[in-house]
Amino acid sequence: KNVILYPEITISSSINGYTDETKILFHPDCTDEFDGFYDLIKFNNTEEAPQLFTIISEEYYAVNFMNNDFIDKIIPLGFSTSQEGYYSISVSNSNFVDPVHIYLEDIKTGIVSDIKEIEDYSFYYSPIDNPHRFNIHIYNSYYNIDNTSVENIWISSEDNRIYIKT
């Protein structure tokens, strides 16, 4: 039996003995809007638990299937809880392959983290904060490098040297 694994990102947080997670999956039959056969709307947990969700057109989703054209994509990610304090989230991307790079952007602080280089991201949260706290950035190059700037480039090598001409 063949099993097809679609690229996915899992984001989770645990507080007060409760854990919540949201998943983003990339599938060729899906869109970046609501897909009734795939996406799952977020239902709130108990007040003491963390709430993690992706955001599409101001709707919150626990599971968000998106089109598999996942390169150069920004995905809004929300977090909320009823209690002020320090929290952490973890992001995993077990089945993405290079050269895909995935970054977590903290909108409030401006900090951008490569998820391959961190296990958890810690932050301070207040219930009055905007629930759209983060963005997930997916690129096929390193963060903030404009992919369109590599047009008309010539690369060659000779005697253990690399030559690049633009």
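Every value quoted in this text rests on a predicted model; they were computed, and no experiment measured them.
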Checklist entry - Would H27 and Y6 count as a close aromatic pair, with their ring centres under 6.0 Å? => result yes
Item to check | Test item: S113 side-chain N/O and I115 main-chain N/O as donor-acceptor pair under 3.5 Å | outcome: no
Checklist entry - With ring centroids as reference points, do F134 and F123 lie under 6.0 angstrom apart? => result yes
Item to check | Connected hydrophobic set around Y18, excluding itself, where side chains approach under 4.5 Å | outcome: none
Checklist entry - Can you check whether S90 reaches S12 side chain to side chain, under 4.5 Å on heavy atoms? => result yes
Checklist entry - Side chains of F34 and Y61: closer than 4.5 Å at any heavy-atom pair? => result yes
Next on the checklist: Any heavy-atom pair between the side chains of I75 and I24 that's under 4.5 Å?
Outcome noted: yes
Checklist entry - So, do L104 and I136 sit near enough that their side-chain heavy atoms are less than 4.5 Å apart? => result yes
Next on the checklist: Under the salt bridge (Lys or Arg N to Asp or Glu O under 4.0 Å) definition, can you give me all pairs with a residue in residues 40-67, not counting sequence neighbours?
Outcome noted: D20-K42
Checklist entry - Is the closest side-chain heavy-atom distance between P131 and Y60 below 4.5 Å? => result yes
Next on the checklist: I'd like to know if the side chain of T54 pairs up with that of T22 as donor and acceptor (distance under 3.5 Å, no hydrogens or angles considered).
Outcome noted: no
Item to check | Heavy-atom check, side chain of D106 versus side chain of R133, under 4.5 Å | outcome: yes
Next on the checklist: Tell me every residue that passes side-chain contact (heavy atoms from CB on, under 4.5 Å) with Y124, counting only those two or more places apart in sequence or in another chain.
Outcome noted: E84, Y86
Item to check | Short side-chain to backbone donor-acceptor contact, D35 and Y38, under 3.5 Å | outcome: no
Next on the checklist: Can a side-chain donor-acceptor contact be found between S88 and D120 if the only test is distance below 3.5 angstrom?
Outcome noted: no
